[in-house]
Amino acid sequence: MVGGRGAPLINLGAQGPPTRKIFTSLSVHDSVHLKKSGNAWKPGMKRESLPAEPESHITQDLFKKGHSILNKVTPEKFNHLMKQVWDLTIETEERLKGVVDLVFEKAIDEPSFSVTYGNMCGCLATVRRPLS
């Protein structure tokens with residue numbers, strides 16, 4: 001069959017459009033109780049966790065700052081962001097490895113900026129800091 005403008009008509013047959021269930025027995029004033037899960041997701045700030053060492057918090061904060069800097073990397077912003085990377089307190093071998101891993105992962109994830117990340121690694125290789 002063809003419609004008035006030449007478009008074919010769709011025959012839905014006996015199926016027709018899906019039906020919707022309308023609950024008329026509920027009122028706005030009725031209280032509805034949802035099923036509670038024993039292992040429900042909780043936001044990171046509210047999760048109950050073991051108290052970590054202060055050094056661990058410093059390291060995690062460093063990784064967050066490093067990741068934030070890497071998210072902004074472009075060839076135009078390279079010098080400004082490189083200064084921010086130099087200002088990070090990378091005082092332990094664990095922190096240095098973590099920052100290197102962050103740069104490596106970003107270079108893999110964003111091949112269009114891999115040259116910029118490579119230049120960043122070249123600059124970081126010249127920085128000397130005492131490791132504890």
Side-chain angles (χ1 to χ4, degrees):
M1 298 175 98
V2 177
R5 295 186 158 198
L9 293 176
I10 298 174
N11 183 4
L12 296 176
Q15 290 179 342
T19 58
R20 296 183 192 176
K21 291 183 179 181
I22 300 174
F23 296 99
T24 57
S25 62
L26 289 178
S27 168
V28 210
H29 304 291
D30 291 343
S31 65
V32 177
H33 299 286
L34 300 177
K35 182 179 175 183
K36 298 221 178 202
S37 172
N39 62 343
W41 177 86
K42 295 179 184 176
M45 298 299 288
K46 293 184 179 181
R47 276 192 209 132
E48 297 171 12
S49 62
L50 298 173
E53 300 174 19
E55 285 295 315
S56 175
H57 286 297
I58 294 170
T59 302
Q60 292 304 316
D61 189 45
L62 170 81
F63 293 161
K64 285 180 186 177
K65 288 178 183 176
H67 199 270
S68 173
I69 292 168
L70 293 174
N71 282 340
K72 300 171 190 166
V73 166
T74 63
E76 296 80 22
K77 297 179 183 178
F78 179 79
N79 291 332
H80 174 69
L81 295 174
M82 200 60 226
K83 181 178 178 343
Q84 291 181 15
V85 171
W86 281 330
D87 292 341
L88 294 175
T89 53
I90 304 172
E91 298 169 342
T92 66
E93 188 174 347
E94 175 193 6
R95 292 178 189 169
L96 179 60
K97 285 181 181 179
V99 171
V100 169
D101 287 344
L102 284 175
V103 175
F104 183 73
E105 290 295 323
K106 289 295 280 185
I108 291 173
D109 290 343
E110 300 175 10
S112 58
F113 290 113
S114 60
V115 172
T116 306
Y117 291 120
N119 290 337
M120 183 177 281
C121 289
C123 290
L124 284 173
T126 62
V127 176
R128 301 285 181 230
R129 298 222 171 120
L131 297 176
S132 55

Minimal non-hydrogen separation, [X] against [Y], with atom names:
X	Y	value
P75	T116	CG-OG1, 3.6 Å
F78	C123	CZ-SG, 4.0 Å
V103	C121	CG1-SG, 3.5 Å
S114	A107	CB-O, 4.1 Å

Please name all residues satisfying side-chain contact (heavy atoms from CB on, under 4.5 Å) with [X], sequence neighbours left out, ordered by chain then number.
X	value
D101	none
K97	E93
T74	E76, K77, F113
K72	S68, L81

**Request:** May I ask whether W86 and M120 are part of the same hydrophobic cluster, defined by side-chain heavy atoms of I, L, V, M, F, W, Y residues being less than 4.5 angstrom apart, directly or through others?
**Result:** yes

Interatomic distance, [X] atom [atom1] to [Y] atom [atom2] [nearest 0.5 angstrom]:
X	Y	atom1	atom2	value
N79	N119	CG	CG	10.0 Å
T89	I58	OG1	CD1	7.5 Å
M82	H80	CE	NE2	12.5 Å

**Message:** Please enumerate all residues that pass salt bridge (Lys or Arg N to Asp or Glu O under 4.0 Å) together with E105, with sequence neighbours excluded.
**Reply:** none

**Item:** Counterpart residues, salt bridge (Lys or Arg N to Asp or Glu O under 4.0 Å), relative to K64 (two or more places apart)
**Value:** none

**Message:** Other members of the hydrophobic cluster containing F104, with the 4.5 Å side-chain heavy-atom rule, please.
**Reply:** I108

[X]: what forms a side-chain hydrogen bond (donor to acceptor under 3.5 Å, both in side chains) with it, not counting sequence neighbours?
X	value
E110	K106, Y117
H29	none
S37	N39
T59	R95

